[in-house]
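Notes to accompany the following structure.
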Amino acid sequence: MAVASTGKVARRDEFVHRLPKIELHAHLNGSIRRSTLCELAAARGIDAAAAMLDSPTPQTLSEAFDVFRVIHACVTTLEDIERLAYELALDLDDDGVVYAEIRTTPRALPASLAAQNAGTLDEYVEAVLRGFARYDSKQEGDKAGLRLILSIDRAKHTASDAEAIVDLALRFQTRGVVGMDLSGDPTKGEWAAFEPALQRARLHGLKITLHAGEVRGRDDEMAAMLAFHPDRFGHCCFVSAPNLALLKQSGVPIELCLTSNLLSNSTPSLERHHFRDHYTHVDSHAEQEERTVCCISTDDSGVFNSPLSNEFRLVMQTFALDEEQAFHLARRTLQATFLTPSAHNSTNEAMNQLMRKDD
Ligand code: 6MZ
């Protein structure tokens, strides 16, 4: 009996690893390798223990934001940003991710520790793209497709900063920037301040994803975001009954990050995670097509110590999905990407081919 169940666990671990996956909600700095963070902290003279690098994972959302502050204190140059982008691409590839939209909040950083002047936001985006290009040139065979989303930080940015980030995204639209995100400490900032910039981004063809319902007591904001009708929502942990009904009707896909929500105390347990509100097993795939597209994502794989394969493992284990259901869940995510329809088809084909290859 024990042998049989050990075999089952090993089979599931192997399955989630080789399952071709799409990652749509990953913050670049939050996805930093722990080893890289420790190395950069030592080089910057930051005390790892005091900086909480020794603690395995945060316990609340506010602790997660403390960790981001530490990461930003360690990741201080454009060279570091390029390294993070390169390492994240390698890690996604190793984990069986075939396509990813990485998001990051542009910051003015110097080229090196010795440099006197902070760089421009354009240089920040260039550094991320250099990291992606380095991965592309090194990797042989099938490569993960990578696109970039620029984030507006609701706690730190003003309305005019948001406009500047939209302009930045538009300058890089032909080089892989596909959309905009609104993130940052959800207890701070007002949606109304950022809506005009995001409306303008949309008019120029950028797609929009919004962190929403990450904390309690923001029902009016959620209602206003629903009226905006973004291309995707992130999280949606705390949604009132009327908003939930609107969300389901809207057809807007949602990015769901189980471990992040659990460790941030945004869900009391995995079993009660709101994935269960949006996904139900149905025998007919046609029926499932009418339900919300759930994009299983990591959020901050470095901070929460959980790669995408592990998130799929948790979903399968907690909600009793079989391999076919997990494959359909992963493949449905394709409908929610910010890719153009022709690029959609090639990624879809890549996922099918990968599944066939491993049969
Ligand atoms: C809201 C989050 C987040 O942009 O410097 N970020 N914002 N909720 C979350 N849930 C846990 N996780 C990450 O990556 C780090 C930044 O992403 C946002 C925060 O603004 C954080 O500072 P970048 O690459």
Side-chain angles (χ1 to χ4, degrees), residues 23-33 36-37 40 57-78 80-89 91-92 100-109 121 124-125 127-129 131-132 146 148-157 161-162 165 168-169 177 179-189 191 194 209-216 218 221 225 232-238 254-267 273 297-306 311:
E23 168 67 91
L24 296 185
H25 188 133
H27 299 269
L28 178 65
N29 283 261
S31 307
I32 189 172
R33 289 178 182 168
T36 300
L37 182 56
L40 295 180
T57 44
Q59 307 292 312
T60 61
L61 193 56
S62 127
E63 274 187 32
F65 279 90
D66 290 341
V67 178
F68 299 136
R69 270 186 281 281
V70 171
I71 294 173
H72 287 157
C74 296
V75 178
T76 53
T77 67
L78 294 171
D80 297 339
I81 289 296
E82 179 181 333
R83 172 177 177 179
L84 259 58
Y86 173 63
E87 291 180 349
L88 177 55
D91 294 346
L92 291 168
E101 288 170 7
I102 307 302
R103 60 190 72 191
T104 193
T105 323
R107 291 182 284 148
L109 298 176
L121 297 187
Y124 183 100
V125 177
V128 177
L129 296 178
F132 290 171
L146 298 170
L148 189 57
I149 293 174
L150 298 188
S151 301
I152 295 168
D153 186 327
R154 58 182 293 156
K156 292 185 190 150
H157 288 145
D161 293 334
I165 296 175
L168 179 67
V177 173
M180 303 286 311
D181 156 58
L182 180 69
S183 53
D185 186 339
T187 62
K188 305 199 171 112
W191 157 245
F194 306 110
T209 175
L210 303 176
H211 281 56
E214 214 180 345
V215 286
R216 280 180 212 283
R218 290 261 177 183
E221 175 177 282
M225 286 177 166
R232 291 197 306 255
F233 276 118
H235 297 299
C236 302
C237 307
F238 300 102
I254 48 178
E255 304 148 359
L256 297 176
C257 313
L258 275 78
T259 300
S260 162
N261 294 158
L262 184 71
L263 295 176
S264 308
N265 267 337
S266 307
T267 183
H273 191 274
S297 307
T298 55
D299 209 4
D300 301 283
S301 56
V303 173
F304 299 114
N305 212 8
S306 177
E311 295 301 302

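Note that ligands are numbered from 1 as they come in the structure, with each ligand's atoms numbered from 1 the same way.
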With sequence neighbours left out, write down each residue that passes salt bridge (charged side-chain N to carboxylate O under 4.0 Å, His left out) with Arg69, or none if nothing qualifies. Asp66
Hey, is the main chain of Gly179 close enough, under 3.5 Å, to the side chain of Arg103 for a donor-acceptor pair? no
For atom 5 (O) of ligand 1, find the nearest protein heavy atom and state the residue, atom name and distance (0.1 Å precision). His72 NE2, 2.7 Å
Which of the atoms of ligand 1 are close to Asp153, meaning less than 4.0 Å from one of its heavy atoms? 20 (O)
Indicate yes or no for a side-chain donor-acceptor contact from Asp80 to the backbone of Thr77 under 3.5 Å, with no hydrogens or angles considered. yes
Do Thr105 and ligand 1 have an N or O pair less than 3.5 Å apart? yes
Please indicate whether any nitrogen or oxygen in Pro186 is less than 3.5 Å from any nitrogen or oxygen in ligand 1. no
Do Asp299 and His25 have side-chain N/O donor and acceptor atoms under 3.5 Å apart? yes
Starting from atom 3 (C) of ligand 1, find the nearest protein heavy-atom neighbour and note its residue, name and distance. His27 NE2, 3.8 Å
Flag the pair Arg154 and Glu214 as a salt bridge only when some basic side-chain nitrogen lies within less than 4.0 angstrom of an acidic carboxylate oxygen. no
Sub-4.0 Å atoms of ligand 1 with respect to non-hydrogen atoms of Leu28: 24 (O)
Less than 4.5 Å apart, side chain to side chain, heavy atoms only: is that true for Ile152 and Asp161? no
Can an N or O of Asp299 be found at a distance shorter than 3.5 Å from an N or O of ligand 1? yes
For His157, all residues meeting ring-ring contact (aromatic ring centres under 6.0 Å, His included), sequence neighbours excluded: none
I'd like to know if the side chain of Thr259 pairs up with that of Glu311 as donor and acceptor (distance under 3.5 Å, no hydrogens or angles considered). yes
Compute the shortest N/O to N/O distance between Asn29 and ligand 1 and return yes if it is under 3.5 Å, no if not. yes
Mind checking whether Leu61 has a heavy atom under 4.0 Å from ligand 1? yes
Glu214 N/O to ligand 1 N/O under 3.5 Å: yes
Hey, is Gly184 one of the residues with a heavy atom under 4.0 angstrom from ligand 1? yes
If I apply the N/O under 3.5 Å rule, does Asp300 come out as touching ligand 1? yes
What is the closest protein heavy atom to atom 19 (C) of ligand 1, and at what distance does it sit? Phe65 CE2, 3.9 Å
Within-cut-off N or O pair, Thr104 and ligand 1, under 3.5 Å: yes
Is it the case that Ser266 and Asn261 place a side-chain donor and acceptor less than 3.5 Å from each other? no
